[in-house]
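All remarks here apply to the structure that follows.
When reading the values below, keep in mind they use all heavy atoms of this one structure, side chains included, and skip hydrogens, waters and symmetry mates. We name chains A, B, ... by the order of the sequence lines, and we start the count at 1 in each one.
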Amino acid sequence: MAKFLTNREENYAQWYNDLVIKADLAENSAVRGCMVIKPNGYAIWEKIQAELDRMFKATGHVNAYFPLFIPKSFFSKEAAHVEGFAKECAVVTHYRLKNDENGKGIIVDPAAKLEEELIIRPTSETIIWHSYKNWIKSYRDLPILINQWANVVRWEMRTRLFLRTTEFLWQEGHTAHATREEAIEETERMINVYAEFAENFMALPVIKGYKSENERFAGALDTYAIEALMQDGKALQAGTSHFLGQNFAKAFDVQFTDKTGKLDYVWATSWGLSTRMIGALIMAHSDNRGLVIPPKLAPVQVVIIPIFKNTEQLSNLSAVAVKIKSELEKTGLTVKYDDRDNNKPGWKFADYELKGIPVRIAMGPRDLENGTVEVARRDTLEKVTIPVSDIISYIPVLLNEMHKNIYNKAVKFRNENTWYIDKWSEFLEILDNQGGFIMAHWDGTPETEEKIKEETKATIRIIPFDSPEEEGKCIYSGKPSKRRVLFARSY
RNA sequence: CGGGGUGUGGCGCAGUUGGUAGCGUACUACGUUCGGGACGUAGGGGCCGGAAGUUCGAGUCUUCUCACCCCGACCA
């Protein structure tokens, strides 16, 4: 096994895996490709959930829940959709076990075979549209703006903690609209929500854009995505929003009567964001000391550590610490006071750095005498000593400042690793050396994209919304192109 | 599914030409410590991933098998 945090350049994947495990976020479970999300990891997910949920509700959405199982027949109604997911589905075929007559233990009871197999949802479009059919008769029933927090299963060949697990947690929004324009507007609205979330809460700069035809969601007319750059130069798709057109409405026969009394199919969108975001957070911000959790998503934002020789000193320190804790909590922060005496302060410092707690307040007898505390920030590891009376005003400002700093650092990294390239040789050279985002011209054909993928493993991550029009020649074919697209190797 | 690697106390590892398992860390107790991952003393914990075989004797050799990790293939 690789040594913890020592071989980052040699093997980023291993470094990442070690970090996840050392920081106590997750571990492999007994089930192939599945992970146990441990309390430290789940707490981050809960913060992500809370913020996203707030944003969804602010944009008019409500939560609901649909079944885990999807009858096989539902799944095959939309041709492109089944094509896209067929290869990675877990299928339930029986509903009962029994004791083997030959003493071989528990076996599947052959008599309990399901007449129709059930698919464990890889995504919920089909089962949701089956319900929507019954809910929608008139334009007055629209729009339907529903989100679901759920688990899904995709039987990928290769898995990695948080980034691609067989089972993962996510939210999936499924909306139904009376008009094409309204649905497109919703698709755009939600990709903007995701981008805003990434930047304001994850401190993660992202690029918004369209997916190319090859990379589009199975069954969508258009897929918008946000892409982020990880520290090893690979791209990570962090959230997607799909304009589904009338594909699912037609597949599930969902028609409504419009204002003029005419029948029409409903327009749809879907959008999702998963526990992969935790992976993005880890890979984007962490350093060789461990995690760096952006302050707004940190389950514990401030930890107070007393430095003491005996119980008398501890109780003197505790009196002050507890007061600081409750004062900070009144401002809405989550604060932990760690007065355990089974670990030395130095051990605690290192441990909380590994776990990415944004701010550490240390206080010992010397501070008590001077009426001060030592405040250390995780992002820069800088320490300052300030008067106790300043803490309440100091910490919130510091946390804001840290968010900005972490974000700016990520922006700087991305800018330094974004290349505007016009020569194929340079394209190859950059992929082999430092990686990163490559902005290059493309002739717009799936064939060219496919060939580039075959030769370099790089794909078009996104056609940025804000990519300006300019005349150019395709980096691969030399044919004319009107704008640059974003190429990268990805997870 | 192909290529490579690893399976030995909770975690990280060593174990030579086969001789009946050890180190670091963690854990327990006591004492001394406590401003950047403390120290001493004394303890507890492993039939060496599993199965079969060779042998007087297998962590070590052979065959089979399982699991995990990395690289590919695959991946809204």
Side-chain angles (χ1 to χ4, degrees), chain A residues 1-4 6-7 10-18 21-22 24 27-35 78 80-89 121-125 152 154-161 163-166 168 170 172 211-220 222-225 236-244 270-274 276 289-290 305-311 313-314 317 339-354 360-370 372-374 376 381 383 385 453-454 457 459 490-491:
Chain A
M1 288 290 277
K3 294 282 178 292
F4 174 51
T6 56
N7 58 348
E10 292 161 29
N11 193 337
Y12 195 82
Q14 186 71 56
W15 171 84
Y16 168 84
N17 244 12
D18 284 350
I21 289 162
K22 287 279 180 181
D24 222 22
E27 66 186 28
N28 284 299
S29 75
V31 185
R32 180 205 164 278
C34 292
M35 68 174 164
E78 214 289 331
H81 191 66
V82 67
E83 172 84 8
F85 282 104
K87 286 175 286 183
E88 52 188 59
C89 287
R121 61 181 169 218
T123 179
S124 302
E125 273 79 4
V152 290
R154 295 183 187 177
W155 212 267
E156 305 280 5
M157 285 177 179
R158 182 140 165 232
T159 59
R160 177 172 300 167
L161 295 175
L163 296 181
R164 183 172 292 106
T165 44
T166 299
F168 58 93
W170 77 344
E172 46 181 329
K211 283 288 180 187
S212 66
E213 199 184 320
N214 286 351
E215 300 279 324
R216 208 174 276 159
F217 177 72
D222 215 341
T223 289
Y224 305 159
L236 187 75
Q237 179 176 304
T240 47
S241 182
H242 315 290
F243 171 57
L244 303 173
S270 68
W271 27 274
L273 184 147
S274 73
R276 172 182 260 199
R289 292 235 192 178
I305 298 174
I307 298 158
F308 56 94
K309 288 194 191 3
N310 51 51
T311 50
Q313 280 184 354
L314 176 59
L317 288 164
D339 61 352
R340 292 175 299 168
D341 64 356
N342 51 350
N343 289 121
K344 288 180 63 178
W347 190 91
K348 293 178 187 172
F349 293 174
D351 193 48
Y352 288 115
E353 277 165 12
L354 174 62
R360 177 183 73 235
I361 297 175
M363 48 195 297
R366 215 160 62 210
D367 289 303
L368 211 52
E369 231 170 81
N370 302 334
T372 58
V373 292
E374 182 192 82
L381 299 165
K383 293 184 278 199
T385 299
K453 185 179 175 183
E454 273 169 32
K457 283 177 243 155
T459 51
S490 75
Y491 278 97

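Look at CD1 on A/Ile307: it is 14 Å from C1' on B/G37, rounded to the nearest Å. A straight line from NZ of A/Lys453 to C1' of B/C74 spans 8 Å, rounded to a whole angstrom. Distance CG (A/Asn17) to P (B/G5): 20 Å, rounded to an integer number of Å. A straight line from CH2 of A/Trp15 to P of B/C69 spans 18 Å, rounded to a whole angstrom. Put simply, NZ on A/Lys457 is 14 Å from C1' on B/C74, counting in whole angstrom units. To the nearest angstrom, P of B/C39 lies 17 Å from NZ of A/Lys309. Taking atom CG on A/Asn342 and atom P on B/A38, their separation rounds to 12 Å, with Å as the unit. One can place CG of A/Asp18 at 12 Å from C1' of B/C11, the figure rounded to the nearest angstrom.
Looking at A/His242, its side chain never comes within 3.5 Å of a backbone N or O of A/Trp271 through a donor-acceptor pair. Without hydrogens or angle criteria, A/Gln313 side chain to A/Lys309 main chain gives a donor-acceptor distance under 3.5 Å. In this structure a side-chain-to-backbone donor-acceptor pair under 3.5 Å is present from A/Tyr16 to A/Leu161. Using modelled atom types, one side-chain atom of A/Arg276 and one backbone atom of A/Gln237 make a donor-acceptor pair closer than 3.5 Å.
Taking the C1' atoms as reference points, B/G22 lies 14 Å from B/G45, given to the whole Å. B/C56 and B/G46 have their C1' atoms separated by 26 Å, given to the nearest Å. Across B/U8 and B/G53, the matching P atoms stand 24 Å from one another, rounded to whole Å. Across B/U55 and B/G19, the matching C1' atoms stand 12 Å from one another, rounded to whole Å. A gap of 32 Å separates the C1' atoms of B/C1 and B/G59, to the nearest Å. One C1' atom belongs to B/C34, the other to B/G40, and the distance between them is 16 Å to the nearest Å. Atom C1' of B/U20 sits at a distance of 14 Å from the matching atom of B/G15, rounded to the whole Å. B/U41 and B/C47: their C1' atoms are spaced 31 Å apart (whole Å).
Nearest-nucleotide positions on RNA chain B for A/Asp351 and A/Val152 put A/Asp351 closer to the 5' end.
In this structure, A/Glu215 reaches the sugar-phosphate backbone alone: every heavy-atom distance under 4.0 Å involves primed, P, OP1 or OP2 atoms, never a base. Note on A/Lys87: only backbone sugar-phosphate atoms sit closer than 4.0 angstrom, heavy atoms only; bases stay farther off. In this structure, A/Phe85 reaches the bases: a heavy-atom distance under 4.0 Å links it to at least one base atom across the strands shown. Within 4.0 Å of A/His242, counting heavy atoms only, lie sugar-phosphate atoms of the nucleic acid but no base atom. Using a 4.0 Å heavy-atom cutoff across all strands shown, A/Pro122 reaches no nucleic acid atom at all. Contacts of A/Glu88 with the nucleic acid, taken as non-hydrogen atoms under 4.0 Å apart, involve only primed sugar atoms and P, OP1 or OP2. Across all strands, A/Trp170 comes closer than 4.0 Å to base atoms (heavy-atom distances).
Proximity note for A/Lys344 (side chain, C-beta onward) versus B/A73, B/C69, B/A38: the nearest is B/A38. Listed nucleotides: B/G37, B/G36, B/C70. Nearest to the side chain of A/Arg289: B/G36. Listed nucleotides: B/C70, B/G37, B/G35. Nearest to the side chain of A/Pro345: B/G35. When distances are taken from the side chain of A/Pro365 to each of B/G35, B/C70, B/C74, the shortest belongs to B/G35. Each of B/C75, B/G37, B/A73 was ranked by its minimum atom distance to the side chain of A/Met157; first place goes to B/A73. Here B/C68 is the nucleotide among B/C68, B/C70, B/G35 with the atom lying nearest to any side-chain atom of A/Asn28. Checking B/C69, B/C75, B/G35 against the side-chain heavy atoms of A/Arg164 singles out B/C75 as nearest.
Close to B/C34, at under 4.0 Å from its OP1 or OP2, lies no side-chain N or O of A/Asn310.
For A/Glu353 and B/G37, a side-chain-to-base donor-acceptor distance below 3.5 Å is absent, hydrogens and geometry of angles not being considered. Side-chain to base pairing of A/Lys383 with B/G36: one donor and one acceptor N or O lie within less than 3.5 Å of each other. For a distance-only test at 3.5 Å, the side chain of A/Asp367 qualifies as a donor-acceptor partner of the base of B/G35. With hydrogens and angles ignored, a donor-acceptor pair closer than 3.5 Å exists between the side chain of A/Arg360 and the base of B/G36.
The side-chain heavy atoms of A/Asp367 and A/Thr385, taken from C-beta on, include a pair separated by under 4.5 Å.
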